[in-house]
Amino acid sequence: MANRLIGDLPKVGIRPIIDGRERGVRESLEQQVMDLAKAAAAFISSELKFPSGETVECVIADTCIGGVAEAALCAEKFRKEGVGVSLSVSPCWCYGTEVMDTDPLIPKAVWGFNGTERPGAVYLAAALAGYTQKGLPTFGIYGRDVQDAGDTTIPADVKEKILRFVKSGLAVAQMKGKSYLSIGYSSMGIAGSMVDSGFFQKYLGIRTVFVESVEILRRIEEGIYDEEEFQKALAWTKANCKEGKDINKPQNQADAARKEYEWEMVVKMTLICRDMMIGNKKVIEKGFHEEGVGRNAILGGFQGQRQWTDYQPNGDFTEAILNSSFDWNGIRQAFVLATENDSLNGVSMLFGHLLSNTSQIFSDVRTYWSPEAVKRVCGKELTGLAEGGIIHLINSGSTTLDATAQQRDAEGNPVMKPFWEISEEEVQKCLENTSWPQADREYFRGGGYSSLFKTAGQMPVTMSRLNLVDGLGPVLQIAEGWTVELPDDVHEILDERTNPTWPTTWFVPRVNGEGAFKDVYSVMANWGANHGAISYGHIGADLITLASMLRIPVNMHNVDGDKVFRPSAWASFGEAKEGSDFRACESYGPLYGKK
């Protein structure tokens, strides 16, 4: 387990806040306050890991913070330690604005201990009022039930908010200073592939790097890749990636020599795209330092269509393998690489990856199938979760092989796991349940191989999508729901009507009879783009918290209102949560933008 990007992983800073009055008050609280900080740190480190597998580290201020000087000492320690998220804790009254964290770029929260012996809740309210007045949005954490003084246990409701805040804050910190690698540019007029550098910099702190697709050909022709790894990768691919049925018309089918060339090309493309993202020491050793250091890309996109795919093998294999949690080198952290260079869907995938630690599904939000339409076409009734209709998620490119749903939890349920929990047996099952048909040459004249599988089994998932709106800026939409497995005969009939060489996930969003979630059709009708990013688990509440940190309003979601957790200042922008979200985000502006 290792961080493959330049820069240390961010740490969580714990700030024990105390009443500064000495000669009795402060002394009586020192141990309790510091114990509270230690309990929070131990809890966070025991629960959270980075997507790269490392345990999240916490840094506690050297002393309790009772005034300005100690706040400054804490800030200096946090700067040196690389703290990216700040959590203040206190069970007592403190001097609000004198002890606050004033760094405007670090996500911050205050946990005011709910106890009657000291006014922790009073301090929390005063602190949040100060943060709001000074334009520093801060999350307030306050337990529902009163605890006894000295109790260092963390109630369940407080744990939930701490984890939601910290996970989202660490996502913000991990993105800052990294890159988006655009390989090529706009694909087929897709707006999301017209990469907006201003958005990436102002809202995410991510720089954009543009590399023409011809760079892949140059590296192939000049041997700027690890030849030894290529031979290993090609052998692994031939042993594990079974070639599927060639559905092309006889006159469009490639001969054996061309197919062999395409296999070699797509494997080389995979090595080179990875190297362009994160670098490769073996390439440096060959004398290509500039190419070998990479672009420090936390995510990227490959244009492909059409200038590349009209005469070269498509990027489907490259995207699918990089987005999976394994390859010829074994089980490892998934990459985030968007097909058609849809950078906005790539960002949605990145959000999901950083919050869930799992690989991500990239799909066209292709077709809504009503129960009536399914019955007309298949002669069968949809049942169970699918009875109200289904959405066909399918795309030739970036769907992770983890989405075969061949991984299992302790109870035997299909899941998608962080890479460090995946077994070799589960990897083999993912590969065995995937075939690689020749690409449809009417779409992809240059050939290639597209993955083919169906997501087998019911899993909780969250579909999200970031969109840019003229005059408004970015907005995020979220739909929690489930994958469903249709009977084979129904699946095959519906799948054949679209493209039988692409991977399919059947998705049912959770509906509530209102607005965009009135029914399954309404979700499809209100989706803001042709693509969606699908993450394992119901992470909608985490996405909402993350979006608020970045000042991105959420225009559509089906998350329980009790789980929506935003900075306390949002309450000052009106009572309706979603309207206040828009107004607050507009008022504060992008996290890294100029006001």
[X] and [Y]: side chain donor to acceptor below 3.5 Å:
| X | Y | answer |
| --- | --- | --- |
| Ser168 | Thr545 | no |
| Asn314 | Glu319 | no |
| Glu262 | Gln438 | yes |

[X], [atom1]: over 12 other non-hydrogen atoms inside 6.0 angstrom:
| X | atom1 | result |
| --- | --- | --- |
| Arg306 | CZ | no |
| Lys242 | NZ | yes |
| Lys563 | NZ | no |
| Glu425 | CD | no |
| Tyr368 | OH | yes |

Work out which heavy atom in [X] is nearest to a heavy atom in [Y]; give both atom names and the distance.
| X | Y | value |
| --- | --- | --- |
| Trp527 | Ala479 | CZ3-CB, 4.1 Å |
| Gln458 | Pro414 | O-CG, 3.6 Å |
| Ala109 | Ile141 | CB-CD1, 4.2 Å |
| Ile298 | Gln174 | CD1-O, 3.7 Å |
| Val520 | Gly389 | CG2-O, 3.7 Å |
| Val336 | Met349 | CG1-CB, 3.8 Å |

Give a yes or no on whether a salt bridge exists between [X] and [Y], defined as a side-chain N under 4.0 angstrom from a carboxylate O.
| X | Y | value |
| --- | --- | --- |
| Glu421 | Lys49 | no |
| Asp327 | Lys232 | no |
| Arg144 | Asp157 | no |
| Glu381 | Lys375 | yes |
| Asp246 | Lys259 | yes |

Would the [X] and [Y] ring centres measure less than 6.0 Å apart?
| X | Y | answer |
| --- | --- | --- |
| Phe317 | Tyr449 | no |
| His538 | Trp482 | yes |
| Trp502 | Tyr443 | yes |
| Phe139 | Phe565 | yes |

Practice task
Take Lys454 and Asp488, measure what salt bridge (Lys or Arg N to Asp or Glu O under 4.0 Å) needs, and give me the verdict at the end.
Solution key: CA-CA 10 Å; Lys454 69 171 181 176; Asp488 287 342; 2.5 Å; yes
Spacing of [atom1] belonging to [X] relative to [atom2] belonging to [Y], to within rounding of 0.5 Å:
| X | Y | atom1 | atom2 | answer |
| --- | --- | --- | --- | --- |
| Ser343 | Leu299 | OG | CG | 8.0 Å |
| Glu426 | Thr404 | CD | OG1 | 10.0 Å |
| Ile394 | Asp495 | CD1 | CG | 5.0 Å |
| Asn526 | Asn555 | CG | CG | 9.0 Å |
| Asn252 | Asp440 | CG | CG | 8.5 Å |
| Ile183 | Leu337 | CD1 | CG | 6.0 Å |

Exercise for the section: State whether Phe335 and Arg4 meet the cation-pi test: NZ (Lys) or CZ (Arg) under 6.0 Å from the six-membered ring centroid, and within 45° of the perpendicular axis. Expected result: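 Yes, Arg4 sits over the ring of Phe335.
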Indicate yes or no for a side-chain donor-acceptor contact from [X] to the backbone of [Y] under 3.5 Å, with no hydrogens or angles considered.
| X | Y | value |
| --- | --- | --- |
| Arg408 | Ala405 | yes |
| Asn240 | Trp236 | yes |
| Trp308 | Pro313 | yes |
| Lys577 | Gly561 | yes |
| Thr483 | Trp506 | no |
| Asn248 | Arg441 | yes |

Practice task
Check step by step if side-chain contact (heavy atoms from CB on, under 4.5 Å) holds for Leu170 and Val56.
Solution key: CA-CA 9 Å; Leu170 288 173; Val56 171; 3.7 Å; yes
Any heavy-atom pair between the side chains of [Y] and [X] that's under 4.5 Å?
| X | Y | value |
| --- | --- | --- |
| Ile478 | Met463 | no |
| Ser52 | Leu9 | yes |
| Phe582 | Val475 | yes |
| Val365 | His531 | no |
| Phe165 | Ile44 | no |
| Glu372 | Leu382 | no |
| Gln303 | Glu340 | no |
| Asp310 | Phe444 | no |

Problem - Verdict with reasoning, Asp342 to Arg465, per salt bridge (Lys or Arg N to Asp or Glu O under 4.0 Å) - result: CA-CA 11 Å; Asp342 186 347; Arg465 170 71 191 192; 2.7 Å; yes
Problem - Full working for side chain to side chain donor-acceptor pair (under 3.5 Å) between Ser193 and Asn341 - result: CA-CA 5 Å; Ser193 67; Asn341 199 28; 5.6 Å; no
Practice task
Go through the steps to decide whether Trp420 and Gln333 satisfy the test side chain to side chain donor-acceptor pair (under 3.5 Å), and finish with yes or no.
Solution key: CA-CA 8 Å; Trp420 58 87; Gln333 180 186 0; over 6 Å; no
Practice task
Could you point out which residue of Thr504, Asp364, Thr367 forms a side-chain hydrogen bond (donor to acceptor under 3.5 Å, both in side chains) with His392?
Solution key: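 Of the listed residues Thr504, Asp364, Thr367, the side-chain hydrogen bond (donor to acceptor under 3.5 Å, both in side chains) partner of His392 is Thr504.
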Handout entry: Option passing side chain to side chain contact (heavy atoms under 4.5 Å, CB included) with Val564 (candidates Ile544, Asp581, Val554)
Key =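 The passing option is Ile544.
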Handout entry: CA sep, side-chain torsions, deciding dist, call: Leu350, Met175, side-chain contact (heavy atoms from CB on, under 4.5 Å)
Key = CA-CA 9 Å; Leu350 179 62; Met175 289 187 283; 3.8 Å; yes
Practice task
Decide yes or no on side chain to side chain donor-acceptor pair (under 3.5 Å) for Glu54 and Asn3, but give the supporting numbers first.
Solution key: CA-CA 8 Å; Glu54 289 94 335; Asn3 176 30; over 6 Å; no
Practice task
Would you please test Asn323 and Thr399 for side-chain contact (heavy atoms from CB on, under 4.5 Å) and show each step?
Solution key: CA-CA 7 Å; Asn323 282 319; Thr399 300; over 6 Å; no
